[in-house]
Amino acid sequence: MKFRILATVTLVSTFFPITAAFGENIEHTQQLLATKQCAQCDLSGAGLVLANLSGADLRGANLSGANLSRANLSGADLSGANLSGTSLFGVNLSGANLSGANLAGADLRTAYVGGANLVNVNLSSSQILGVRGMPTNIGGAEDFYRLGVTEAKAGNYRNAIDYYNQALSLKSDLAAVYFARSMSFADLGDFASASQDAEIAAKLFAAQGNARGEALSKELGKAIVARQKPTEPSSGGGGWMNALGALGSVLLKVLF
């Protein structure tokens, strides 16, 4: 199962749990809040911000477009549920059963999913930046690479490196990941690691017959050396994902 973080997600307007959203089936919403038993319910577009739904039975429920931001869904059964386009920002999904659920285009930023069952979950085009407790066996090396790039663009270089490490643990010969990790190391001031990764990237690209990647990696290595000189101006805010944006753009588009 693969997911992509280059998502275009339409965020739902914020409603409190007691307020009916446009088109919402208020009877089903009230049933859920009163009993926590709502298997197969139509909860599309429901406003459930901060709702306490711990242990709720939502098997096969339609929650598409609902707003569950910061709700408590710990231990809830959401197997087979439709959560496409749902706002799950900051939600607690610890121990929840999401097997077979559709989370395409869902906003899961800063959500906690530790111990959740994510077998056969559709996370395509979902926003998962900052998700906590995400198992490392969800997604492939390219997915973790893209997560790392997103974190680096946001200035979260240590998080980016963690994602790059996960990508390399799945596939150790990804030159683009070494290249990207080199930039993050440089932004943290770890120039030794940055230079080492740039060199590895150049060698891997050369072995793959990728002349463009090899040349970019060598240019990166030179830039790292230049940056260590006290007379050289710093790259300024935004890090090397901005200062070397052209290189990063090329990598994102063509090196996988």
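Residues: numbered from 1 along the sequence shown. Predicted, not measured: the structure shown is a model, and the values here were computed from it.
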Donor-acceptor pair, side chain of [X] and main chain of [Y], under 3.5 angstrom:
X	Y	result
Asp190	Ser193	yes
Ser172	Leu168	no
Asp42	Ser44	yes

If you count heavy atoms of other groups shown closer than 6.0 angstrom to NZ of Lys218, is the number above 12? no

Would Leu103 and Leu108 count as a side-chain contact (heavy atoms from CB on, under 4.5 Å) if you check the C-alpha gap in whole Å, the side-chain angles of each, and the deciding distance to 0.1 Å? CA-CA 9 Å; Leu103 281 87; Leu108 282 154; 3.6 Å; yes

With rounding to the nearest 0.5 angstrom, report the [atom1] to [atom2] distance, [X] to [Y].
X	Y	atom1	atom2	value
His28	Leu63	NE2	CG	12.0 Å
Asn210	Leu216	CG	CG	8.5 Å
Leu83	Asp107	CG	CG	12.5 Å
Arg59	Cys41	CZ	SG	11.0 Å
Asp57	Gln40	CG	CD	9.0 Å
Arg158	Phe185	CZ	CZ	9.5 Å

Passes side-chain contact (heavy atoms from CB on, under 4.5 Å), Leu220 versus Met183? Steps please. CA-CA 8 Å; Leu220 175 60; Met183 289 193 286; 3.9 Å; yes

Tell me, please, which residues at least two apart from [X] pass side chain to side chain contact (heavy atoms under 4.5 Å, CB included).
X	result
Ser84	Ser64, Asn82, Asn102
Gln30	Ile26
Ala160	Glu151, Ala152, Tyr164, Ser184

Heavy-atom check, side chain of [X] versus side chain of [Y], under 4.5 Å:
X	Y	answer
Ile200	Phe179	no
Leu68	Val49	no
Leu73	Leu58	yes
Asn72	Leu53	no
Val113	Asn92	no
Lys171	Asp173	yes
Tyr178	Leu174	no
Phe89	Thr110	yes

Between Ser195 and Gln228, is the side-chain contact (heavy atoms from CB on, under 4.5 Å) condition met? List the steps. CA-CA 11 Å; Ser195 295; Gln228 296 177 67; 4.3 Å; yes

Only counting residues at least two apart or in another chain, list the ones meeting side-chain hydrogen bond (donor to acceptor under 3.5 Å, both in side chains) with [X].
X	answer
Arg70	none
Glu199	Lys203
Ser79	Asp77

Please name the residue in the list Asn117, Leu93, Val121 that meets the side-chain contact (heavy atoms from CB on, under 4.5 Å) test with Leu78.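 For Leu78, the side-chain contact (heavy atoms from CB on, under 4.5 Å) check succeeds only for Leu93.
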
Decide whether Tyr112 and Leu118 are clustered together by the hydrophobic rule: side chain heavy atoms of Ile, Leu, Val, Met, Phe, Trp, Tyr closer than 4.5 Å, transitively. no

Does the pair Thr86 and Asn67 meet the rule for a side-chain contact (heavy atoms from CB on, under 4.5 Å), with working shown? CA-CA 6 Å; Thr86 301; Asn67 193 343; over 6 Å; no

When every non-hydrogen atom of Gln31 is compared with those of Gln37, the smallest separation belongs to NE2-O, 2.8 Å

Could you verify whether a donor N or O on one side chain and an acceptor N or O on the other, from Ser54 and Asn52, lie under 3.5 Å apart? no

